[in-house]
Amino acid sequence: MKRKLISAIGVAGMMISLAACGGDNGDNGDGGDKAGADGYAGQTLTVWVMDGSSPDQWQKDVQAAFEKKTKAKVKFEVQQWNGIQQKLTTALSEENPPDVFEIGNTQTPAYAKTGGLADLADLKTEIGADWTASLNESSIYDGKQYAAPWYFANRVVLYNKKIWAEAGIKDTPKTRDEFYADLKQIGEKTDAEPIYLPGQNWYHFVGLTIGEGAELVKKDGDKYVSNLADPKIGAAMETYKKFQALSKAPKDKDEATPQQGEVFGKGDVGAFIGMGWEAGIAIKANPKIEKEIGYFTIPGATADKPEGVFLGGSNLAVAAGSQKQELAKEFLKIALSDQYEGELAKLNGVIPNKESLQTNLKGNVVAEAAAPAAAGGGTTPLIPEWAAVENAPNPVKTYMTAVLNGKSPAEAAKQVEDEFNKRLSQQQ
């Protein structure tokens with residue numbers, strides 16, 4: 001999978017208010033949305049997918065199945081991630097929006113709030129009974145199903161097999177304590193840096209908060225405010241601090257400054273926590289390291305439950321202004337069927353929307369390491385107000401660095417509270 005895809009999915013951007021047209025399911029000049037004796041013959045469904053999301057073979061197979069079933073045509077239009085939010089916002093406010101479109105999972109609530117997405121409750125009832133709950137959560141807004149979960153990815157541990165062997169470690173850890181003990185052993189028995197963990201790898205921190213069952217925001221009357229002072233979030237940060245103490249990485253930088261894959265590629269780091277595609281960065285920096293890279297699920301507090309992870313991914317939605325909503329749902333029934341959802345998972349190495357379809361990941365070592373954590377994963381708060389929080393300088397990152405530099409979690413939370421709340425109160 002292309003790096004730009006994984007780096008873009010799950011990053012919530014600032015949304016511009018959308019004046020979406022309401023669909024009336026009526027005729028739009030090309031036969032309307034009613035199936036006749038010849039199905040939907042004469043109609044063409046427009047589907048926007050992001051660059052790198054859907055392989056050519058998948059598109060070809062879905063297109064053939066769709067046209068056979070409905071007698072209608074489907075037109076895939078590949079979009080670029082750069083500038084997609086403004087482009088989609090504009091398109092959904094016009095008379096002829098794309099009928100079906102891919103949307104980042106954390107972006108979905110903002111589009112739902114502005115009225116741009118059609119209600120898909122009937123689709124959920126028909127084909128979504130066994131969608132993985134954690135993956136479907138971002139498709140729900142204000143209690144209604146406004147999208148359908150499509151594909152996902154999350155962080156894993158990438159480790160240097162040679163260094164672990166030099167330290168005398170024979171197996172990958174199954175619990176958080178075992179992981180920490182292995183890293184300490186690397187530090188004691190080798191010259192390697194046990195783990196490269198920069199102080200502001202905040203998506204990993206979000207995963208730790210999810211593992212603690214914590215929320216980054218809470219409701220105060222009719223508005224959302226910071227919940228960083230929650231002791232559960234403090235516990236997550238203490239876990240982060242414990243592991244970060246084994247790293248030489250800067251406490252005030254994130255995983256891209258410098259690229260942690262490049263640091264790992266030098267061959268003197270035992271492990272790092274990142275996306276599977278980051279192995280490609282390491283290999284580009286040092287091709288010889290490819291044979292030494294291994295992957296495992298981030299261990300949790302107990303062996304039966306992996307660590308919490310941030311789930312980046314994409315949903316599929318239907319435009320509220322589309323006059324082909326029934327035809328669009330026919331497309332989704334095919335695209336999200338076990339056959340084609342499974343095919344996408346196999347071709348792209350992404351986590352499918354049902355646990356039963358994870359068998360399609362067999363043989364893909366990165367996906368096999370990521371998949372076990374998906375059911376217990378989550379996202380940043382699924383509220384439109386969250387988008388502004390992530391703008392630089394991200395107050396969550398500021399909080400993390402403050403704790404790593406000696407402040408208590410409570411003190412650090414207090415330090416960023418005003419800025420955090422100011423951002424949550426910005427008009428969306």
Side-chain angles (χ1 to χ4, degrees), residues 1-23 28 45-54 75-120 138-142 146-153 202-203 224 254 256 310-325 328 332 379-395 422-428:
M1 174 171 298
K2 296 184 179 180
R3 175 187 160 200
K4 60 186 171 183
L5 167 64
I6 296 298
S7 63
I9 59 182
V11 179
M14 180 67 72
M15 307 306 297
I16 297 174
S17 182
L18 168 66
C21 300
N28 67 345
L45 194 76
T46 300
V47 178
W48 281 13
V49 290
M50 303 309 300
D51 184 27
S53 294
S54 55
K75 181 182 180 183
F76 287 101
E77 296 184 355
V78 178
Q79 306 296 320
Q80 301 301 313
W81 284 105
N82 186 30
I84 186 57
Q85 293 176 47
Q86 179 61 60
K87 184 175 182 179
L88 183 57
T89 297
T90 300
L92 293 180
S93 67
E94 295 175 343
E95 290 187 5
N96 294 302
D99 302 295
V100 177
F101 51 93
E102 176 182 351
I103 183 173
N105 61 337
T106 60
Q107 298 168 355
T108 303
Y111 285 103
K113 179 182 179 180
T114 54
L117 311 183
D119 189 333
L120 300 181
S138 65
S139 291
I140 300 171
Y141 178 73
D142 200 23
Y146 281 109
W150 192 21
Y151 68 86
F152 302 85
W202 83 289
Y203 278 118
Y224 287 97
D254 63 20
F310 173 81
L311 295 167
S314 280
N315 300 322
L316 289 176
V318 174
S322 169
Q323 296 188 35
K324 304 171 188 172
Q325 291 188 16
L332 292 180
T379 67
T380 47
L382 293 168
I383 56 174
E385 294 88 344
W386 178 260
V389 176
E390 295 192 19
N391 294 334
N394 184 332
K422 177 182 177 181
R423 295 181 182 214
L424 287 171
S425 68
Q426 290 179 12
Q427 293 297 316
Q428 305 300 310

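Among all heavy-atom pairs drawn from Gly313 and Phe152, the shortest one is CA-CD2, 3.7 Å. Between Ala319 and Pro98, the shortest heavy-atom contact is CB-O, 3.2 Å. Across Ala147 and Ala317, no two heavy atoms sit closer than the pair CB-CB, 4.2 Å. Nearest approach of Ser139 to Pro149, heavy atoms of both residues: OG-N, 3.5 Å. Here the closest heavy-atom approach between residue Gln325 and residue Ala118 is recorded as OE1-CB, 3.8 Å.
Counting only N and O atoms by type, the side chains of Ser53 and Tyr151 include a donor and acceptor under 3.5 Å apart.
Contact of the Gln107 side chain with the Leu88 side chain is not registered, since no non-hydrogen atoms from C-beta on lie closer than 4.5 Å. Using a 4.5 Å cut-off on side-chain heavy atoms (C-beta onward), Tyr111 and Thr89 make contact. No side-chain heavy atom of Leu316 sits under 4.5 Å from any side-chain heavy atom of Val47. For the pair Phe101 and Leu92, the minimum side-chain heavy-atom distance is below 4.5 Å. Annotation: side chain of Met50 is not in contact with side chain of Ser314 (no heavy-atom distance under 4.5 Å).
Taking CD of Glu102 as the start and CG of Asp51 as the end, the distance is 10.0 Å to the nearest 0.5 Å. Note: Tyr146 OH to Asp119 CG = 5.5 Å, rounded to the nearest 0.5 Å. Atom CD1 in Ile103 sits 5.5 Å away from atom CG in Leu117 (nearest 0.5 Å). Atom CD1 of residue Ile383 and atom OH of residue Tyr224 lie 5.5 Å apart, to the nearest 0.5 angstrom. In this structure, the separation between CG on Asp99 and CD on Gln323 is 9.5 Å, given to the nearest 0.5 Å.
Sorted by first then second residue, the salt bridge (Lys or Arg N to Asp or Glu O under 4.0 Å) pairs that include residues 79-89, not counting sequence neighbours, number zero.
The backbone N or O of Asn315 lies less than 3.5 Å from no partner atom in the side chain of Asn105, so there is not a single donor-acceptor pair. For Arg423 (side chain) and Pro395 (main-chain N/O), no donor-acceptor pair under 3.5 Å exists by modelled atom type.
Partners of Leu382 by side-chain contact (heavy atoms from CB on, under 4.5 Å), not counting sequence neighbours, listed by chain and number: Pro109, Glu137, Ser138, Thr379. With sequence neighbours left out, Lys75 forms a side-chain contact (heavy atoms from CB on, under 4.5 Å) with Thr44, Glu77. Residues satisfying the ring-ring contact (aromatic ring centres under 6.0 Å, His included) criterion with Trp150, sequence neighbours excluded, are Trp58. Residues that satisfy the side chain to side chain donor-acceptor pair (under 3.5 Å) test with Asp254, not counting sequence neighbours, are Thr257, Lys397.
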